[in-house]
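One structure is given here, and the rest of the page talks about it.
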Amino acid sequence: MLFRPCIDLHNGKVKQIVGSSITDESDQVIENFVSAHDSAYYADLFKEKQITGGHVIMLGPGNEKAATEALKAYPGGLQIGGGIRPENAADYLNAGASHVIVTSYIFHDGMLDEDRLRKMNEAVGKERLVIDLSCTYHDGKWFVATDRWTKRSSFEVNAENLEMLAAFCDEFLIHAVDVEGKRNGIQEELVSHLAAHMPIPATYAGGIRSLDDIDLFRQLTDDRMCYTIGSALDLFGGDIPLEAVVAKENK
C-alpha cells in the first residue's frame with residue numbers, strides 16, 4: 001500500500017496545521033483541524049485497517065505522552081519524529097515505534113552535521129532510521145528546512161545528496177513545506193524531482209486535496225513513492241474518505 005497515515009501532534013492534541021505558520025517565536029499556529037479524539041484513537045483505527053508505515057510527528061514540546069500512547073496502541077505500525085536524538089530514540093522504539101525520524105538533530109546551524117548523522121545511525125541502526133527531508137524552494141533548487149520548518153539550511157536535495165544519506169537510513173520522509181497544510185495541490189516539480197532521483201523508499205507529504213491528486217502523484221512517481229494525506233482526509237475534517245483511499249490502494 002502506497003498510502004501512509006499520519007498523526008500530527010501539537011500541544012498534546014491531534015491537529016492539522018499550516019506548516020509555514022509554525023514559528024519559534026510564537027506558539028500560535030494556523031489550525032485546519034483540532035481533533036476531539038486522542039492519538040491512540042487514530043492509531044487503533046490505522047491498526048484495524050491494517051495500514052502500516054504511518055508516522056507520528058511531535059510539533060514542539062508537550063507531545064511526548066500523546067506520542068507514546070499512539071505507539072503503544074499500534075506496536076510496529078508507526079514511525080515517530082520530532083525532537084528525536086540518540087539519547088531518547090530507544091525509548092520510542094521500546095514503546096512500539098518501527099522507526100525514528102530525524103531532521104533538526106542532524107541539520108543545524110544551516111548545515112548537515114555528519115558526526116550527528118553517524119551517531120544517530122549508530123544509536124538505532126540503518127534499518128530503523130528515517131531521515132526527514134522537509135523541502136523548501138529557493139533560487140531554482142530544493143533545500144532542507146529545519147527547526148519545525150522555520151529555517152532553510154544550505155543542504156540541497158539533489159541526486160548526489162540523496163544517495164549519500166541513503167547509506168545511513170532505511171527511508172526518507174519528504175514534507176513539501178511550501179504547500180504543507182494548504183490543501184491547494186501537490187508540489188508537482190518537487191514530486192517529479194524526487195521520483196527521478198530517489199534511491200530508497202520515501203513518503204511524500206504536502207498538498208494532496210483530492211483523489212485526483214493521488215492519481216497525479218502516482219502518475220508522476222510511477223508508483224515509486226508513498227504518500228500521506230493530512231488536512232484533506234475526512235478523519236481530519238477534509239473531503240477525502242479514508243475508505244476511498246484504502247479501496248483505491250486495494251484495486
Side-chain angles (χ1 to χ4, degrees), residues 1-6 8 16 19 46 49-55 57 77-79 81 98-99 101 103 126-127 129-138 140-145 149 155-233 235-236 238-251:
M1 180 174 284
L2 297 177
F3 171 67
R4 299 278 187 94
C6 64
D8 291 349
Q16 284 294 316
F46 299 143
K49 301 292 183 184
Q50 298 182 325
I51 307 172
T52 60
H55 53 275
I57 300 296
L78 296 166
Q79 305 168 359
S98 66
H99 298 69
I101 306 167
T103 304
K126 178 183 188 297
E127 69 281 359
L129 181 61
V130 176
I131 295 179
D132 182 338
L133 299 177
S134 297
C135 296
T136 187
Y137 190 71
H138 181 71
K141 299 178 181 179
W142 301 96
F143 295 89
V144 169
W149 306 327
F155 190 86
E156 185 182 349
V157 181
N158 57 27
E160 180 181 0
N161 284 335
L162 286 171
E163 193 70 40
M164 181 272 292
L165 290 177
F168 293 90
C169 65
D170 193 44
E171 297 182 9
F172 291 120
L173 174 62
I174 311 291
H175 283 93
V177 174
D178 301 326
V179 299
E180 176 73 23
K182 296 181 180 180
R183 290 181 289 189
N184 58 3
I186 63 174
Q187 189 75 276
E188 295 182 38
E189 297 86 352
L190 174 60
V191 169
S192 297
H193 175 73
L194 293 169
H197 303 296
M198 190 57 64
I200 59 174
T203 298
Y204 168 87
I208 291 179
R209 61 190 169 182
S210 66
L211 294 174
D212 287 342
D213 279 341
I214 296 174
D215 291 337
L216 175 59
F217 174 84
R218 298 184 67 162
Q219 177 184 344
L220 291 173
T221 63
D222 196 24
D223 285 349
R224 293 197 304 270
M225 290 175 59
C226 298
Y227 63 91
T228 192
I229 307 171
S231 300
L233 200 65
L235 297 181
F236 306 123
D239 298 323
I240 303 177
L242 175 63
E243 295 296 340
V245 176
V246 173
K248 179 183 286 289
E249 290 291 331
N250 289 333
K251 282 185 178 180

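All of these numbers come straight from a predicted model, not from anything done at the bench.
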Problem set entry | Closest non-hydrogen atom pair, Phe236 against Gly230 | CD1-O, 3.2 Å
Exercise. For the atom pair NE2 (His175) and CD (Gln187), what is the distance rounded to the nearest 0.5 Å?
Worked result: 14.0 Å
Exercise. Do NZ/NE/NH1/NH2 and the carboxylate oxygens of Glu249 and Lys49 come within less than 4.0 Å?
Worked result: no
Exercise. Any donor-acceptor pair under 3.5 Å linking the side chain of Thr103 with the backbone of Asp132?
Worked result: yes
Exercise. Would you say the side-chain atoms of Tyr204 pair up with the backbone N or O of Gly206, donor to acceptor, closer than 3.5 Å?
Worked result: yes
For this session: Check the surroundings of atom CD in Glu127: do more than 12 heavy atoms from other residues, nucleotides or ligands lie under 6.0 Å from it?
Result: yes
For this session: Go through Leu173 and Ile57 one step at a time and tell me if the side-chain contact (heavy atoms from CB on, under 4.5 Å) criterion holds.
Result: CA-CA 11 Å; Leu173 174 62; Ile57 300 296; 4.2 Å; yes
Seminar exercise, completed: dist Glu243:CD -> Lys248:NZ (nearest 0.5 Å) comes out at 14.5 Å
Seminar exercise, completed: When every non-hydrogen atom of Asn158 is compared with those of His193, the smallest separation belongs to CA-NE2, 4.1 Å
Exercise. Can you name the nearest heavy-atom pair linking Thr221 to Ala195, along with the distance?
Worked result: CA-CB, 3.8 Å
Problem set entry | Full working for side-chain contact (heavy atoms from CB on, under 4.5 Å) between Leu162 and Leu133 | CA-CA 9 Å; Leu162 286 171; Leu133 299 177; 3.5 Å; yes
Problem set entry | Ser210 and Asp212 side chains, donor-acceptor separation under 3.5 Å | no
Problem set entry | Shortest non-hydrogen separation from Cys226 to Leu2 and the atoms involved | CB-O, 3.0 Å
Exercise. If every non-hydrogen atom of Thr52 is compared with every non-hydrogen atom of Pro5, which pair is closest and at what distance?
Worked result: O-CD, 3.9 Å
For this session: Take atom NZ of Lys126 as the centre, draw a 6.0 Å sphere, and report whether it contains more than 12 heavy atoms from other residues, nucleotides or ligands.
Result: yes
Problem set entry | For Asp170 against Pro201, the heavy-atom pair lying closest together | O-CD, 3.8 Å
